[in-house]
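Beneath this line is the structure, given in structure tokens, with notes to follow.
Note that the coordinates shown come from a computational prediction; the quantities given were computed from them, not determined experimentally. Numbering of ligands and ligand atoms starts at 1, following listing order.
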Amino acid sequence: MKAIILLGPPGAGKGTLAESLVHDGYRHVSTGDILRDALKKGNALADEIRSYMESGSLVPDELIIRIIKELLSEADRDTLFMFDGFPRTLAQAECLDAIIDEVEGAISHVIMMQCDDEIIVKRLSGRRVCRQCGAVFHVDNKPPKVDGVCDHDGGEVYQRADDNEETIRNRLSVYSEQTKPLTSFYEEKGLLHPVDVSGGIQDTIDRARACLKG
Ligand code: AMP
């Protein structure tokens with residue numbers, strides 16, 4: 001098993017970059033999408049996670065680790081994973097290392113997406129997402145062709161409950177307290193590739209692809 005990690009604050013464009021890199025053969029794993037799917041289904045997991053997600057706090061590590069272990073246990077040895085929104089704490093990163101070591105796999109690159117907080121607030125408050133396929137739109141920069149309707153599959157394009165300014169600011173502080181320490185964790189392993197994502201979408205994709213080739 002090989003893996004790359006997309007690391008960066010909420011709104012840095014991890015999902016948008018992932019949509020593009022999927023065409024290079026990666027299997028995209030977004031813990032945020034998995035959790036939102038559970039909320040939509042209203043299964044047992046939904047009650048456990050709702051309050052964390054709505055306030056922009058992190059869901060407890062044990063739960064995320066359980067989800068990831070289950071997913072990876074079913075994976076083929078030569079799957080190329082692209083983790084988006086995972087790991088988000090040191091405990092999650094250490095656990096991922098242990099799982100990968102066990103199957104003699106490797107993390108090849110950690111793409112660290114860097115962006116100014118104020119740009120993020122602007123991006124996230126205008127972000128809209130397809131309820132069906134998760135495609136990402138923006139009211140100003142990338143509106144769907146038909147208002148409220150996904151260009152790809154006709155799904156409903158909606159605003160996530162946690163994309164309001166108060167929750168966005170909370171998510172940014174959660175990120176800097178709990179997830180940013182992962183930067184030095186991966187830097188020490190020589191895996192960190194910083195990418196400036198304050199430019200356009202295509203510029204970010206080009207920069208990330210150049211890192212992945214290196
Ligand atoms: P995202 O779509 O990645 O921005 O995630 C949305 C929300 O899901 C986060 O604000 C957290 O509440 C939760 N979440 C997603 N991934 C994780 C993770 N790896 N660890 C803890 N909570 C997570």
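For the side chain to side chain contact (heavy atoms under 4.5 Å, CB included) with Tyr26, the qualifying choice from Leu21, Asp84, Thr79 is Leu21, the only one to do so. In summary, of the residues considered (Val195, Thr204, Leu7, Leu191), a side chain to side chain contact (heavy atoms under 4.5 Å, CB included) with Ile111 occurs for Val195 alone.
At the top of the distance list for atom 13 (C) of ligand 1, counting protein heavy atoms only, stands Leu35 CD1, 3.6 Å. Residue, atom and distance of the protein heavy atom nearest to atom 22 (N) of ligand 1 are Val59 N, 3.1 Å. In this structure, atom 16 (N) of ligand 1 lies nearest to the protein heavy atom Thr31 OG1, 2.8 Å.
Considering backbone and side-chain atoms together, Leu58 places no N or O closer than 3.5 Å to any N or O of ligand 1. Checked by distance only, ligand 1 and Gln92 come closer than 3.5 Å through their nitrogen or oxygen atoms. On a distance-only criterion, Asp162 and ligand 1 share no N/O pair closer than 3.5 Å. For the pair Gly85 and ligand 1, the shortest N or O to N or O distance falls below 3.5 Å.
Looking only at distances, no side-chain donor or acceptor of Thr89 sits under 3.5 Å from a matching main-chain atom of Gln178. Without hydrogens or angle criteria, Thr167 side chain to Asp163 main chain gives no donor-acceptor distance under 3.5 Å.
Distances from ligand 1 to the non-hydrogen atoms of Arg160 include at least one value under 4.0 Å. At a 4.0 Å cut-off, at least one heavy atom of Ser57 sits close enough to ligand 1 to count as contact.
For atom 9 (C) of ligand 1, the choice among Arg36, Arg88, Glu54, Met53 with the nearest heavy atom turns out to be Arg88.
Using a cutoff of 4.0 Å between basic side-chain nitrogens and carboxylate oxygens, Glu54 and Arg171 are not scored as salt-bridged. One finds a salt bridge joining Arg36 and Asp33 here, because a Lys/Arg side-chain nitrogen approaches an Asp/Glu carboxylate oxygen to under 4.0 Å.
The closest side-chain donor-acceptor pair between Asn170 and Glu166, if any, does not fall under 3.5 angstrom.
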